[in-house]
A.B. asks: 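Dropping the structure in here first, questions after.
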Amino acid sequence: MTTVRGRKLPRAAAGASALLLTAALCGAGAASAAAADGNTVELPVLRSRLTGTTDCAGGSGRQATAVPWEQVSLQLGRAWQFASGSGVKVGVVDTGVSASAPALKGRVTAVGAAGKDCVGHGTFVAGLIAAQSDQGVKFAGVARRSAIVAVRGTDERGAATPGRVASGIEAAVGAGAEVVTVSAAFPSDTAALRSAVRLAAKKDVLLVAAAVPDSPAAGVGQEVPARDYYPAASDGVLSVIDVDVKGQRPSGSYTTGSAQLAAPGDGVVGIGPAKSGHYIGSGASLASGYVAGAAALVRSVHPELTAAQTAALLRSSAYPDAVPRVDPYAAVTAVLSSASTAAKASGPAAAGESAAPVRMPEDRAAGPLRRALWPTLAGVAVVVTVVWLAVIIPRGRRTGWRPSARRP
């Protein structure tokens with residue numbers, strides 16, 4: 001596994017009442033992105049929110065031409081041999097998604113004004129899900145042929161509230177999304193969020209959400225006790241935390257005990273709202289985007305699975321760890337039993353349903369083969385016995401060997 005070189009990526013500032021989105025930072029400048037071959041490139045840092053009179057994000061003039069570490073970690077090259085996400089719509093509840101981003105051209109359906117992204121964060125997340133690779137560029141989204149439903153969960157500058165996010169979830173469901181990723185992580189649940197989560201479950205839409213807020217640039221400072229954040233901690237929502245290139249939580253991160261999956265989210269490469277260049281970002285909201293992309297892959301190859309079954313398959317096929325790490329390749333190549341595929345016909349899957357165990361087909365020739373071997377083995381035993389009698393006993397007699405007399 002490669003290691004990140006250069007200085008550590010700064011991370012986004014967060015407020016308690018506002019949405020703490022992913023990866024990015026109130027700060028400016030550039031940070032180093034690691035590639036699978038160990039090379040690094042300086043990329044501008046993604047922001048999650050604009051402050052004061054800061055101008056809207058523009059396009060990056062720098063490209064990451066090598067394969068990013070996160071794509072290697074997720075084995076996307078292998079997964080793409082079996083699935084692409086084609087035909088699946090993924091809702092992105094964030095700062096909007098730029099419909100003019102080259103890597104998403106022609107595949108963004110915007111609700112209201114969400115086709116413009118002044119901050120750039122929502123476009124970055126959408127790129128992790130569905131970006132097409134450009135000539136000479138190895139970066140691509142997990143489900144690179146899926147379609148994006150862009151929905152605002154914030155105002156134009158990136159400030160979010162539970163009400164905005166709830167409305168965004170409902171809008172994404174109404175626009176036909178089969179998977180929806182939510183970058184927000186609030187310390188309290190609300191009636192509006194609960195209602196939106198119920199609607200998604202009723203419409204068989206898989207909700208994926210950041211398990212924790214994105215951490216400030218210098219970390220959270222004093223130790224913050226682990227707690228639940230919403231809507232990720234709600235029943236029926238797939239909760240995701242971020243890990244670094246070593247598979248560990250980044251230092252200074254918020255923590256929770258309710259995360260169900262982990263995915264790359266520290267120093268990851270993504271697209272901007274314009275041009276063909278790249279940004280670098282960090283946060284659980286980016287990890288959530290990766291899992292949403294994996295869900296799109298699964299739903300493209302297994303359209304018969306419900307949202308709950310898709311979530312169960314992603315969990316059961318994940319790489320074992322303290323929080324299992326999503327494995328798109330294992331998920332799309334899993335062998336499903338007839339029981340798991342038939343469950344859809346009998347009604348919605350239970351929230352805790354797990355994927356059926358994989359069983360190898362029965363070897364029907366094994367029984368006859370074993371029966372045929374018994375006579376052969378018996379014949380071999382007879383031959384060995386005859387040879388022993390013909391060779392060993394005469395030799396023993398020549399050397400004066402006699403059977404021992406039975407003692408009285």
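None of these values were measured; they are calculated from a predicted model. No hydrogens, no waters, no symmetry mates; every other heavy atom, side chains included, goes into these values.
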A.B. asks: What residues form a side-chain contact (heavy atoms from CB on, under 4.5 Å) with A130, not counting sequence neighbours?
C.D. replies: L104, R107, S146, I148
A.B. asks: Looking only at non-hydrogen atoms, find the nearest pair between A210 and A232 and report the distance.
C.D. replies: O-CB, 3.2 Å
A.B. asks: Hydrogens and angles aside, do T256 and S258 bring a side-chain donor and acceptor to less than 3.5 Å of each other?
C.D. replies: yes
A.B. asks: Out of curiosity, R157 CZ to C118 SG, how far, rounded to the nearest 0.5 Å?
C.D. replies: 5.5 Å
A.B. asks: Between the main-chain N or O of V237 and the side-chain N or O of S234, is there a donor-acceptor pair closer than 3.5 Å?
C.D. replies: no
A.B. asks: Backbone N or O of L50 within a donor-acceptor pair of the T54 side chain at under 3.5 Å?
C.D. replies: no
A.B. asks: Using every non-hydrogen atom in the two residues, find where F139 and Q71 come nearest and quote the distance to one decimal.
C.D. replies: CA-OE1, 3.1 Å
A.B. asks: Do you know the tightest heavy-atom contact between S215 and G252?
C.D. replies: OG-O, 3.2 Å
A.B. asks: Taking Q260 for its side chain and S239 for its backbone only, find out whether a donor-acceptor pair lies under 3.5 Å.
C.D. replies: yes
A.B. asks: Please tabulate, for side-chain N and O atoms in residues 165-182, each donor-acceptor pair with protein atoms closer than 3.5 Å (sequence neighbours left out).
C.D. replies:
residue: S167; atom: OG; partner: G163; partner atom: O; Å: 3.1
residue: T181; atom: OG1; partner: S288; partner atom: OG; Å: 2.8

A.B. asks: With sequence neighbours excluded, tell me which residues meet side-chain hydrogen bond (donor to acceptor under 3.5 Å, both in side chains) with D321.
C.D. replies: R325
A.B. asks: Report the distance from atom CG of D117 to atom OG1 of T123, rounding to the nearest 0.5 Å.
C.D. replies: 3.5 Å
A.B. asks: Would you say H278's side chain and V269's backbone share a donor-acceptor pair under 3.5 angstrom?
C.D. replies: no
A.B. asks: State plainly whether the residues R299 and D204 are in salt-bridge range, i.e. N to O under 4.0 Å.
C.D. replies: yes
A.B. asks: Report the C-alpha separation of S183 and D94 in whole Å, then their side-chain angles, then the decisive distance to 0.1 Å, and conclude whether the side chain to side chain donor-acceptor pair (under 3.5 Å) test is met.
C.D. replies: CA-CA 6 Å; S183 294; D94 206 300; 2.5 Å; yes
A.B. asks: Report yes or no: do D327 and S317 form a side-chain donor-acceptor pair below 3.5 Å?
C.D. replies: no
A.B. asks: Flag the pair R194 and D189 as a salt bridge only when some basic side-chain nitrogen lies within less than 4.0 angstrom of an acidic carboxylate oxygen.
C.D. replies: yes
A.B. asks: Under the 3.5 angstrom rule, does the side chain of R227 hit a backbone N or O of P187 as a donor-acceptor pair?
C.D. replies: yes
A.B. asks: Which distance, rounded to the nearest 0.5 Å, do you find between the CZ of F124 and the OG of S48?
C.D. replies: 12.0 Å
A.B. asks: Does the side chain to side chain donor-acceptor pair (under 3.5 Å) test come out yes or no for S100 and S98, once each step is laid out?
C.D. replies: CA-CA 5 Å; S100 60; S98 176; 3.0 Å; yes
A.B. asks: Is there a donor-acceptor contact under 3.5 Å from the side chain of R152 to the main chain of A113?
C.D. replies: yes
